[in-house]
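The chain is numbered in sequence order, starting from 1.
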Amino acid sequence: MKFMKLGTRPDTFYTEQATRSLVSDVQADLVIKINDTTYLLHKSSLLPKCGLLQRLCSDSSDSENVPLELHDMPGGADAFELCAKFCYGVSINISAHNFVPALCAAKLLQMNESIEKGNFVGKLEAFFNSCILEGWKDSIAALQATDKLPEWSENLGITRKCIDSIIEKILTPPPQVKWSYTYTRPGYTRKQHHSVPKDWWTEDVSDLNIDLFRCIIMAIRSTYVLPPQLIGEALHVYACKWLPGITKLKNSLGSAAITEESKAINRKILETIVSMIPADRGSVSAGFLLRLLSISGPLGVSPVTKTELVKRASIQFEEATVSDLLCPSTSSLDQNLYDTELVQAVLESFLKFWKRLYPGAVDNRHLLKSIRNVGKLIDSYLQVVARDDNMPVSKFVSLAETVPAIGRLEHDDLYQAINIYLKVHPDLSKADKKRLCGILECQRLTPEVRAHAVKNESLPLRTVVQLLYFEQEKDSMETTSSKLQKPHDLLLGAKMRPVTRDSHGKRSLINKEEVTRRTSQVEDREKGQHKAKQSDAKLALDLERKMVIREDTEEIGSEKLRVAKEERMSSSKLDLDSKNSIQRARSKKSEHGRQKGR
């Protein structure tokens with residue numbers, strides 16, 4: 001940081017009863033009031049350099065010692081005192097931190113070259129152009145100081161010159177950066193990295209207020225020199241510095257007026273950052289968008305900003321990680337650890353986006369890959385939120401059902417999430433268990449997971465029976481398929497088998513009777529296996545019937561009695577019909593024999 005030293009006299013200003021004066025043998029004849037501070041000074045030292053004081057003192061008679069009120073002094077009493085000390089030749093240091101108020105005050109007092117050669121304004125402007133604008137951190141500090149005097153700084157051109165100087169340095173290629181900068185990324189040490197990082201400027205620029213920061217970013221974007229990812233990194237650094245953490249924000253919601261004021265400032269920062277995000281996909285990460293979205297609710301941002309965040313996050317939802325989705329719940333009424341409604345809103349927007357982009361393109365490879373990646377992400381997220389003691393079944397099921405059927409090739413990850421939820425919530429009612437396990441499709445479980453599920457005591461009996469029934473049905477279908485294929489394969493094998501020769505050396509094929517015999521053996525063996533499978537399937541069905549009977553004994557019992565009665569009546573009727581048919585056949589046969597004998 002550069003500075004300019006002016007004057008050689010020691011500083012002998014002192015304060016007595018809210019009055020500032022200078023140790024001198026000459027009696028003070030100039031009284032100046034600035035807000036609550038009164039100055040007792042000397043006309044002989046100030047008037048030769050201050051055109052404004054010359055005009056004000058000329059309007060009053062020399063005999064009158066009327067106080068001059070300069071309450072509109074830019075920078076207040078401190079800035080005026082710098083000008084007064086310059087007039088007395090007292091030693092002062094000018095830097096980027098006090099340059100702006102000093103120049104504004106000197107301009108008001110008309111300390112120009114036209115009043116006296118080598119005056120204060122000329123020296124300040126020379127220092128500004130040759131030192132402050134040439135330095136990186138000096139330009140940042142000077143621009144930061146304009147925040148307290150925005151109108152004066154804008155009218156004097158200080159703001160525009162500082163912004164131009166900063167932009168010029170940002171657009172400088174990193175190998176040509178020779179000035180010092182602040183870079184405190186975790187794990188970064190300048191000794192190990194000799195090259196200048198591309199985002200070297202982002203931390204220093206983040207010291208500015210949001211309005212000045214926006215001027216810098218929009219000016220850089222208009223040049224199209226830097227990539228969108230670098231702009232996005234600058235926005236990320238600024239948000240991390242100024243926007244509060246979600247835990248801190250949630251705890252401070254109960255505060256009074258101070259919180260409302262800070263919320264208004266943070267709301268403006270958030271809305272401004274969202275408006276500056278480049279339209280290019282990947283300019284900011286999905287995690288950053290989700291974090292902004294998570295704090296947008298407590299800050300009360302506009303619906304337009306919230307909708308834009310949901311849209312941007314849904315476009316990049318596939319790139320998110322489970323940790324990105326773990327946004328803490330910010331509702332004071334909600335006792336959940338995580339905000340599952342936010343994740344579900346982004347997921348629904350993601351599905352709508354893909355439907356608009358690829359209407360009806362179910363066989364689109366890119367679409368299927370994206371949706372299945374998101375489906376796997378949601379199932380992994382469900383495994384984490386399932387550990388929340390206060391997570392209701394309705395929210396868990398709603399989020400799981402939002403993933404379309406094509407979003408899951410298998411239900412192994414979903415089963416793991418359900419299993420975790422059941423273990424964390426052992427007191428779940430039968431209705432909730434049924435609703436929770438109803439989203440699970442047994443046919444989409446791998447054999448290993450299905451074997452585990454059958455032995456899982458946390459699952460309801462109905463789900464276990466469904467798993468057993470599906471297992472037996474699958475085995476039965478495989479047996480039937482092999483039954484239809486193996487005789488054909490055997491015959492095909494006989495046709496493809498090499499020919500043999502008899503004792504006379506003639507070519508001969510496999511005995512056809514041998515093929516028939518082997519085929520019948522295979523069929524008999526498979527019939528026996530099929531009967532065993534049918535018996536197992538019957539056992540599974542019996543278990544299911546028993547479960548249903550336990551749920552509604554009287555209704556199902558009466559139904560079974562009715563069915564059994566009908567079966568007995570039908571069976572007795574069938575036996576009677578069979579006997580009558582046999583008797584009629586025998587009588588016809590005997591009558592036919594008698595006629596033949598005649």
Side-chain angles (χ1 to χ4, degrees), residues 3-9 11-13 19-22 24 26-133 142 145-146 148-161:
F3 66 93
M4 177 178 64
K5 185 176 181 179
L6 298 174
T8 57
R9 292 181 56 183
D11 188 355
T12 57
F13 273 77
T19 301
R20 295 280 290 169
S21 185
L22 180 71
S24 175
V26 181
Q27 185 178 0
D29 56 355
L30 180 62
V31 180
I32 298 177
K33 286 187 176 182
I34 301 175
N35 300 326
D36 297 331
T37 305
T38 302
Y39 284 90
L40 298 178
L41 304 173
H42 305 85
K43 294 180 179 179
S44 59
S45 298
L46 271 69
L47 266 60
K49 299 180 182 297
C50 302
L52 177 63
L53 297 181
Q54 292 179 12
R55 180 169 58 82
L56 293 176
C57 290
S58 63
D59 294 340
S60 61
S61 61
D62 295 337
S63 59
E64 295 178 354
N65 196 8
V66 180
L68 300 178
E69 295 185 357
L70 302 176
H71 300 304
D72 57 348
M73 177 67 62
D78 294 336
F80 172 78
E81 191 164 316
L82 283 174
C83 297
K85 288 180 179 180
F86 174 79
C87 296
Y88 280 103
V90 174
S91 178
I92 58 174
N93 290 323
I94 302 296
S95 67
H97 295 287
N98 61 2
F99 160 77
V100 174
L103 180 61
C104 294
K107 282 287 187 177
L108 178 66
L109 293 173
Q110 300 177 11
M111 301 175 70
N112 305 319
E113 293 293 314
S114 59
I115 301 298
E116 183 178 85
K117 192 173 182 179
N119 212 341
F120 198 27
V121 172
K123 292 185 180 295
L124 289 173
E125 289 178 343
F127 175 70
F128 178 59
N129 294 322
S130 62
C131 295
I132 293 179
L133 295 180
T146 62
K148 296 180 180 180
L149 298 169
E151 294 183 4
W152 274 90
S153 301
E154 189 68 32
N155 294 334
L156 295 177
I158 301 174
T159 303
R160 176 45 52 191
K161 289 180 180 180

Distance, nearest 0.5 Å, that separates [atom1] of [X] from [atom2] of [Y]:
X	Y	atom1	atom2	answer
Leu103	Met111	CG	CE	11.0 Å
Cys87	Leu41	SG	CG	9.0 Å
Phe127	Leu133	CZ	CG	10.0 Å
Ile32	Leu46	CD1	CG	6.0 Å
Ser44	Asp29	OG	CG	6.5 Å
Lys43	Cys57	NZ	SG	4.5 Å

Can you tell me if Ser153 uses its side chain to pair, donor with acceptor, with the backbone of Pro150 under 3.5 Å?
no
Practice item. Using a strict cut-off of less than 4.0 Å between a Lys/Arg side-chain nitrogen and an Asp/Glu carboxylate oxygen, indicate whether Glu125 and Lys161 qualify as a salt bridge. Key: no
Describe, in one word, how the ring planes of Phe13 and Tyr88 are oriented to each other, choosing from parallel (under 30°), tilted (30 to 60°) and perpendicular (over 60°). perpendicular
Contacts under 3.5 angstrom, residues 76-85 side chains, donor-acceptor by atom type, not counting sequence neighbours:
residue	atom	partner	partner atom	Å
Glu81	OE1	Arg20	NE	3.2
Glu81	OE1	Arg20	NH2	3.4
Glu81	OE1	Tyr39	OH	2.8
Glu81	OE2	Arg20	NH2	2.5
Glu81	OE2	Lys85	NZ	3.4
Lys85	NZ	Asp11	OD2	2.8

Got more than 12 heavy atoms from elsewhere within 6.0 Å of CD, Glu113?
-> yes
### Query
Got more than 12 heavy atoms from elsewhere within 6.0 Å of CG, Asp72?
yes
Notebook entry, point to check: Tell me, do Val100 and Trp152 make a side-chain contact under 4.5 Å, heavy atoms counted?
Noted result: no
> Can you find a pair of side-chain heavy atoms, one from Leu70 and one from Leu108, that are under 4.5 Å apart?
Replying inline: no
By side-chain hydrogen bond (donor to acceptor under 3.5 Å, both in side chains), Glu116 pairs with (sequence neighbours left out) Lys49
Those residues at least two apart in sequence (or on a different chain) that pass side-chain hydrogen bond (donor to acceptor under 3.5 Å, both in side chains) with Asn35 are none
